[in-house]
There are 2 protein chains.
Amino acid sequence: MARETHLPVLFQLFRQYGYDGVSLSQIANKTELGKASLYHHFPGGKAEMVTAALAYRGLWVEENVFLPLRADRPALARFQQMCDRLSELYQSGQSPCLLAALTTGAKRDVFQAQVKEHLQRLTGAIAEVLLASGLDPQAARQRAEEAVVAIQGSLILARGLDDFTVFERAIASVPERLCAGLDSKP
Amino acid sequence: MARETHLPVLFQLFRQYGYDGVSLSQIANKTELGKASLYHHFPGGKAEMVTAALAYRGLWVEENVFLPLRADRPALARFQQMCDRLSELYQSGQSPCLLAALTTGAKRDVFQAQVKEHLQRLTGAIAEVLLASGLDPQAARQRAEEAVVAIQGSLILARGLDDFTVFERAIASVPERLCAGLDSKP
DNA sequence: GTCTATATTAAGATAGAC
DNA sequence: GTCTATCTTAATATAGAC
């Protein structure tokens, strides 16, 4: 099996349990590979598997979130699509964010830079739409930040309360909050 | 040394690294105790240490957050005090939330109920103030939820972006958001 | 590309002396 | 209440055959 076949498995495992919460035996089970085979595909061990999972996520987000965000449509519609895709990514709040999972744990520093870049790309992509819609740079950045805060926070709370409607409510309010007071046709 | 002496250490360790990210050797180092001594104080091992850390946090929040929240003052002032204390708890965004840290990891299920209760107490305490200020139960609950979402989300984002001003901005906006459109003297 | 077998280290946990 | 010493298991990782 090719290396890419196993990326979804790695992604799911690490987002759910974090770096320290996943063992190689667990990965071997889920991928149906021996440990040695895992090291063939990922010579750098667990750390390289996480990096691969991050890259896999990055690609998915690029295609499914950033691309629609640059489409030639009203800002509100673009944000609605973004939220649809993010709901898919997070499975309506039932699956945690890999980025958030990697902000904790013993090896946090190893992934800090990668996590930061992913988060910056998301806030940046949102802010760009707002900028093109006439918002000044600071307000655009601030609003984008608030949207990401709402998404991340609702994921945490949904999980902690074991009530996924928290995420659904939060994500549903994001598009209109982002567009509040905007000229409707950018 | 008495058991309580070491609770702050446990609290700090687990909030920062999560359950799986902390080893007994690490705890032994930070507490300056041998492993065997740790088991004297916490016969249930690491899981019991986490429960003790949760209880320690619960007591702190009860005294420093919930008590002021029930004071005989305007709602806005009470929320401002709440946010001051939460800023203290999270060290202006530099220290993660123990509850959030425990929503991930291999042993998540073990602490699920405790985390849920802590989160419910917080949203409940906030909602009660809003209720007494004339908001209907559903709106009160919804606003309280949004406040906790903002706090948790900004903690994640601050850590991921390595920019603690994200938390400071978010927490600063919480009191007024909670009180928006309220009769000012409840 | 995958396997069995194994090396090595560290983990969580306990026994029993002081 | 704390220690040293030790047990047991599981972790990451590698060697080398197929």
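Just so it is clear: chains get the letters A, B, ... in the order the sequence lines come, proteins before strands, and each one is counted from 1. The figures here come from the full heavy-atom set of this structure, side chains too, leaving out hydrogens, waters and symmetry mates. These figures come from a predicted structure and were not determined experimentally.
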How many Å lie between [atom1] on [X] and [atom2] on [N], as a whole number?
| X | N | atom1 | atom2 | result |
| --- | --- | --- | --- | --- |
| Met1(A) | dT2(C) | CE | C1' | 12 Å |
| Phe42(B) | dT2(D) | CZ | P | 11 Å |
| Arg3(A) | dT2(C) | CZ | P | 13 Å |
| Asp20(A) | dA10(D) | CG | P | 18 Å |
| Gln26(B) | dA11(D) | CD | P | 18 Å |

Exercise. Verify the distance criterion only: is there a donor paired with an acceptor across the side chains of Arg73(A) and Gln81(A) at less than 3.5 Å?
Key: yes

Practice problem: Examine dA11(C): is either OP1 or OP2 under 4.0 Å from a nitrogen or oxygen in the side chain of Ser25(B)? Give yes or no. | Solution: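 Yes, such a contact exists.
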
Quiz prompt | Side-chain N,O (His40(B)) to OP1/OP2 (dT14(C)) below 4.0 Å | solution =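 Negative; the distance criterion is not met.
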
Practice problem: Kindly determine whether Arg169(A) and Glu146(B) satisfy salt bridge (Lys or Arg N to Asp or Glu O under 4.0 Å), including the steps that lead there. | Solution: CA-CA 10 Å; Arg169(A) 272 195 295 278; Glu146(B) 280 166 17; over 6 Å; no

Self-check item: Neighbour count >12 (heavy atoms, 6.0 Å) for atom CD, Glu128(A)
Solution: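 Counting other residues, nucleotides and ligands, CD of Glu128(A) stays at 12 neighbours or fewer.
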
Practice problem: Please state whether the rings of Phe167(B) and Tyr90(B) are parallel, tilted or perpendicular, taking 30° and 60° as the class boundaries. | Solution: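 It falls in the perpendicular class, over 60°.
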
Quiz item: Please walk me through it: do Ser95(B) and Arg15(B) pass side-chain contact (heavy atoms from CB on, under 4.5 Å)?
Solution: CA-CA 7 Å; Ser95(B) 288; Arg15(B) 85 203 291 205; 3.5 Å; yes

Practice problem: Check each residue of residues 28-39 of chain B for a non-hydrogen atom within less than 4.0 Å of any atom in DNA chain D, then write out the ones that pass by number, or none. | Solution: Leu33(B), Gly34(B), Ala36(B), Ser37(B)

Exercise. Considering non-hydrogen atoms only, spot the tightest contact between Pro137(A) and Leu131(A) and give its length.
Key: CA-CD1, 3.4 Å

Practice problem: Compare the minimum distances between each of dA11(C), dA13(D), dG12(C) and the side chain of Leu24(B), then state the nucleotide with the smallest one. | Solution: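 Nearest to the side-chain atoms of Leu24(B), counting from C-beta on, is dG12(C).
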
